Amino acid sequence: MTRHFFYEENVIYWINKIIHKRGYNMKQEFAVIGLGRFGGSICRELSMEGMNVLAIDRDEDKINEFKNIATYAVIADATDEMTLKELGVNNIDHVIVAIGDNIQASILTTVILTELDIKKITVKAQNDYHEKILRKIGANQVVHPERDMGKRIAHSIISSNILDYLEVSDEHSIVEVKVSRKMAGQTLIDLDIRANYGCNVVAIKQGQHINVSPSAEDILETDDILIVIGSDKDISHFEKELVIDQ
Ligand code: ATP
């Protein structure tokens, strides 16, 4: 039988949690609003890592799917400030807003969370315009999972030597690349990646070993993996010139 969640039940649960805080101090507390593919996956991972997760969605089917995964799963409309207060969301340190398609609901929920003085608010954005508004109204972290995944896959498609690509800011990224035929047998000094491409090799992986302070004289072997940081433009130049074997 489907279990229905009543506010009194939620309030008692969260009050108990606050009163018996000692037992919860070891775990971090999160709320995930919106249990689509992205929010659902965050909720699953955080729960698997042993975190306390309050999962909120207005769709009953989603809540039924997550009631045995999250610490607590509640059917609620996140654009209703009273409801969020009643759920004790204001006592949670980090809230993830994963409402995607409904930009209006995502913005309104974020405004309410900033008014509730949540320490950290992470929001999934649909586009750059959405991100700009989210940042203006106080979201600490704005993520674009589809766009980021698209970039990572595109880079790995360009060359099998590009193993991973991670955006660190709007203009800077980190790439993990296999030492190409062009690089093999040379040292970092020979390649002079910083002077020639404006990128920095921050680490070299050799099997299980990671060298986080690579020496300029280290000879690069075919199976080595370089972790390189730089501006998107410089990384693209470095990839074209040195990483992609023709
Ligand atoms: P994904 O790509 O991650 O699957 P999406 O970008 O398509 O998700 P939506 O399906 O629009 O995002 O929303 C994700 C979830 O957010 C849905 O399960 C939806 O029920 C929930 N949701 C939307 N609006 C609200 C709201 N106001 N309050 C609570 N939950 C909401």
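Whatever order the structure lists ligands and atoms in, that order sets their numbers, starting from 1. Residue indices begin at 1 and follow the sequence shown. As the structure is a computational prediction, the values presented were derived from the model and not from experiment.
Contact atoms of ligand 1 toward E146: 2 (O) (distance under 4.0 Å to a heavy atom of the residue). Ligand 1 places these atoms under 4.0 Å from at least one heavy atom of K62: 18 (O).
When distances from atom 18 (O) of ligand 1 to the protein are checked, a heavy atom turns up under 4.0 Å.
Comparing G39, G40, A76 by heavy-atom distance to atom 29 (C) of ligand 1, the nearest is A76. The option from D101, I99, T83, V97 that lies nearest to atom 11 (O) of ligand 1, judged by heavy atoms, is D101.
The heavy-atom pair separating E29 from I92 by the smallest distance is O-CG2, 3.6 Å. In plain terms, the two heavy atoms of P145 and K124 that are nearest each other are CD-CG, 3.8 Å. Shortest non-hydrogen contact noted between R147 and D128 is NH1-OD1, 3.0 Å.
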(message) Quick one, I162 with V243, criterion side-chain contact (heavy atoms from CB on, under 4.5 Å). Give me CA distance, side-chain angles, the key distance, then yes/no.
(response) CA-CA 7 Å; I162 302 170; V243 181; 3.9 Å; yes
(request) Decide yes or no on side-chain contact (heavy atoms from CB on, under 4.5 Å) for V143 and F38, but give the supporting numbers first. (result) CA-CA 11 Å; V143 293; F38 176 66; 3.8 Å; yes
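Judged purely by distance below 3.5 Å, without hydrogens or angles, the side chains of H172 and E167 never pair a donor atom with an acceptor atom. Between the side chains of H144 and E131, at least one donor-acceptor pair of N or O atoms lies under 3.5 Å. Under the 3.5 Å distance criterion, with hydrogens and angles disregarded, no donor-acceptor pair is assigned to the side chains of N161 and S180.
When only non-hydrogen protein atoms are considered, atom 27 (N) of ligand 1 lies nearest to D77 OD1, 2.9 Å. Distance from atom 4 (O) of ligand 1 to its nearest protein heavy atom, with residue and atom name: R37 N, 2.7 Å. Ranking the protein heavy atoms by distance from atom 3 (O) of ligand 1 puts F38 N, 2.8 Å first. Taking atom 14 (C) of ligand 1 as the reference point, the nearest protein heavy-atom neighbour is A98 O, 3.6 Å. Among all protein heavy atoms, the one lying closest to atom 16 (O) of ligand 1 is G34 CA, 3.3 Å.
Residue D59 has no nitrogen or oxygen atom sitting less than 3.5 Å from a nitrogen or oxygen atom of ligand 1, judged on distance alone. The shortest N or O to N or O distance between K124 and ligand 1 is under 3.5 Å. Looking at ligand 1, you'll find an N or O of A78 within less than 3.5 Å of one of its N or O atoms. Residue R58 has at least one N or O atom closer than 3.5 Å to an N or O atom of ligand 1. Considering both main-chain and side-chain atoms, G100 comes within under 3.5 Å of ligand 1 through a nitrogen or oxygen pair.
Side chains of T114 and I121 form a contact here, defined as non-hydrogen atoms less than 4.5 Å apart. With a 4.5 Å cut-off on side-chain heavy atoms, V95 and T122 do not count as touching. The side-chain heavy atoms of V201 and R194, taken from C-beta on, include no pair separated by under 4.5 Å.
No part of P145 comes within 4.0 Å of ligand 1, judged by heavy-atom distances. Looking at D57 against ligand 1, both its backbone and its side chain come within 4.0 Å, counting heavy atoms.
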